Number of protein chains: 2
Amino acid sequence: MKFHIEYPRILPERRPEGHEPGAPRYTLRWRKPVNRIISAYYGIQGSPLSENEQKSFFDRFARFFESNCGPETYETMRCIDEEGYTNAIIVAYWTDQNQYTEWEQCSDFADWWESTERLQESFGYWREIIAIHYDRHETIYSASDYRIGLALCSDSELVPMNTNGYFGAARDRLPISSVDSLPGFMSVIEHPSGRIDTHNRRLFAETPHNMTAIRSGQYWAEADSAQSEDYQLSMQPKLMDGMRYLLENRKETGTLSLRIMTNLDRHGRERDETSVYACFVDMAGMEEWASSHTSHLRIYNHAIEKKRQYGENRSVVTWHEVFILTSGLPFEYINCHPGTGLLPFCTLYERL
Amino acid sequence: MKFHIEYPRILPERRPEGHEPGAPRYTLRWRKPVNRIISAYYGIQGSPLSENEQKSFFDRFARFFESNCGPETYETMRCIDEEGYTNAIIVAYWTDQNQYTEWEQCSDFADWWESTERLQESFGYWREIIAIHYDRHETIYSASDYRIGLALCSDSELVPMNTNGYFGAARDRLPISSVDSLPGFMSVIEHPSGRIDTHNRRLFAETPHNMTAIRSGQYWAEADSAQSEDYQLSMQPKLMDGMRYLLENRKETGTLSLRIMTNLDRHGRERDETSVYACFVDMAGMEEWASSHTSHLRIYNHAIEKKRQYGENRSVVTWHEVFILTSGLPFEYINCHPGTGLLPFCTLYERL
């Protein structure tokens, strides 16, 4: 079985007529039917956050994940956010929402996470649960021999594709884009009453319909020395410029949150690998930036140039996974600073 | 185009081997791709609720619905709930969640519904928004010449089918049932702290993953006199017995809410038509009752007997539509009594 979903197309493809991509790319397919995908981010936030505190958080989740219905794969990362807080982050994946829900309710995680003790710690905690139908996701990988993110789930295959190499290809790869234009339904405007008092509180943020989450990855640990040097000296600064532009132009680009995360090894040490995890109001804001703004075109052109230069021997891996959410309340913030994630922009709720 | 979704089956069908249904039944298919379906219930609750108050509520929504992106179809109904309150109810349908969201945000409805004035009225208001992927719904109609509910949306067709006439057929008709066993994730237990203070409050209830909503309809306005009499004297009492059993055995059957509604004409007068709108923790509770409990078997056998007796001339129409929800927060109660809908059982939230 090579599982994928396609719909009869009623909206035009973005692919220019006759386009054939210059460089091969890969995407995920499955040896089993996948109906819903869960990408769950869990964070601890501190200023400072010591290595021991980070380790204790990761170890705790490693124990939680061992129980029945734990995730199929997970990774650990670290980021400094715009307010200077350190966030240690876990991202876990399931390809079955029943398994995820069973784990969430029945593992030791539930008791620990729901405890009122979490409100009284010196840390903040947050979770951002992306749970979507298969037809609302797409993936792209520059190489077929490196697995990361959703691609670490079992029964998946990286297959060559040609829906790439033009602006709009990410949208064309989303099965739902054949039948749905995926418009956004909010503007990135801070709460008119100013910052919310988030101290010692558990707050839930409403995700707007068609909110777009992307995890975009860069891996240069196995790159040869020339390519690794080029990545660090020339490509990475361009990437950081682009990310800064998005954060400084939230309203124009629809950027709700953006975390530049460094991937960690099992000892909590930084790897030669980063992921940017960002949420946009909709796909169009991200697309507009990607196709027209200098800060993205410089990244894009650098990547194409290096692929041309090295061909088969290109040893820096780039990839991304995109998920389009439906409206809901799956983002939760406990005692976090008021600039965390969706807190400054989205409608907030408290549990009775 | 005859749009429908099917997945490669990895879970066994419920259909007994070689089963062919004794009587024809119909189900909905589409002349356009349908990705998400919205069935939105809006209620006003009063004790008493006068005809004028009911009319004013319906007229208000009729105006709201006229604006851009209003529903494709809607109906009005009335029910007395278990606490003796009268609820005037509108059910509206969309086959495009973008249209629904646009209407919800941009019509005059938003200002009126969100106003704090709603908290201070002598009435309660509630809305229960069912927004699901196509693969989480199924329909059945005993006749192909009567349109009601979702079947009133444009570009739909009632087509003959043979996935009926055995216990488990409703599950087999759900596209997702090929790949998902749709387990439930809660028990019907009242809040341990007792009834919530709902007075002058706007409360949001969390729908558990795989919660199952059914609207089951009975239409005898065009039945000949013998069949109409049989329906009212013999069938309807059996139906009411069954509904009473479900309400009195919530925990065993997973019944979260159940409203026996009388359909109204455009003047607000009762039609010879009813709908039962019920929410169950999961599909299995409803199936177990349907396949094994006397109170359902009496309904089922009566329906089969009458179909045998009248054949092509059977003039009482029965039908249902089933929607399996994902977890979320789309059920809202404003100043309603604490026994309304999901309020007694589900996790509740307030907006900041």
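A quick note: this is a predicted structure, and the numbers were derived from the prediction, not measured. Reminder, nothing fancy here: chain letters follow the sequence lines and each chain counts from 1.
- Put simply, of A/Asn98, A/Leu348, A/Val179, the one with the most heavy-atom pairs under 4.5 Å next to chain B is A/Asn98.
- Taking B/Asn210, B/Thr347, B/Ile10, B/Asp135 one by one and counting their heavy-atom pairs under 4.5 Å with chain A, the maximum is reached by B/Asp135.
- Chain A forms the most heavy-atom pairs under 4.5 Å with one residue out of B/Val34, B/Ile176, B/Ile196, and that residue is B/Ile176.
- Around the CD atom of A/Glu13, the shell of radius 6.0 Å holds more than 12 heavy atoms that belong to other residues, nucleotides or ligands.
- No part of B/Glu206 comes within reach of chain A, as not one of its non-hydrogen atoms sits under 4.5 angstrom from that chain.
- Residue B/Pro33 comes nearest to A/Pro8 through the heavy atom pair CG-O, 3.7 Å, listed as atom of the first residue, atom of the second, then distance.
- B/Leu182 touches chain A through its backbone: at least one of N, CA, C or O sits under 4.5 Å from a heavy atom, while the side chain does not.
- Annotation for B/Asp108: atom CG does not count as buried by contact number, only 12 or fewer foreign heavy atoms lying within 6.0 Å.
- Using bins of under 30°, 30° to 60° and over 60° for the plane-to-plane angle, the ring pair B/Tyr7/A/His133 lands in the tilted bin.
- When heavy atoms are compared at a cutoff of 4.5 Å, A/Leu203 approaches chain B solely by way of its side chain, counted from C-beta outward.
- When B/Arg9, B/His191, B/Arg36 are compared by the number of non-hydrogen pairs under 4.5 Å with chain A, B/Arg36 comes out ahead.
- Taking a 6.0 Å sphere around CD of A/Glu287, one finds it holds more than 12 heavy atoms contributed by other residues, nucleotides or ligands.
- Taking a 6.0 Å sphere around CD of A/Gln120, one finds it holds more than 12 heavy atoms contributed by other residues, nucleotides or ligands.
- The salt bridge (charged side-chain N to carboxylate O under 4.0 Å, His left out) test applied to A/Glu72 returns A/Lys32, not counting sequence neighbours.
- Note that CG of A/Asp96 is 7.5 Å distant from OG of B/Ser181, once rounded to the nearest 0.5 Å.
- Using a 4.5 Å heavy-atom threshold, the side chains of B/Glu102 and A/Phe185 count as touching.
- Proximity to chain A (any heavy atom under 4.5 Å) is restricted, for B/Gln105, to the side chain, taken from C-beta onward.
- Using non-hydrogen atoms only and a strict 4.5 Å limit, the part of residues 323-340 of chain A facing chain B consists of A/Thr326, A/Ser327, A/Leu329.
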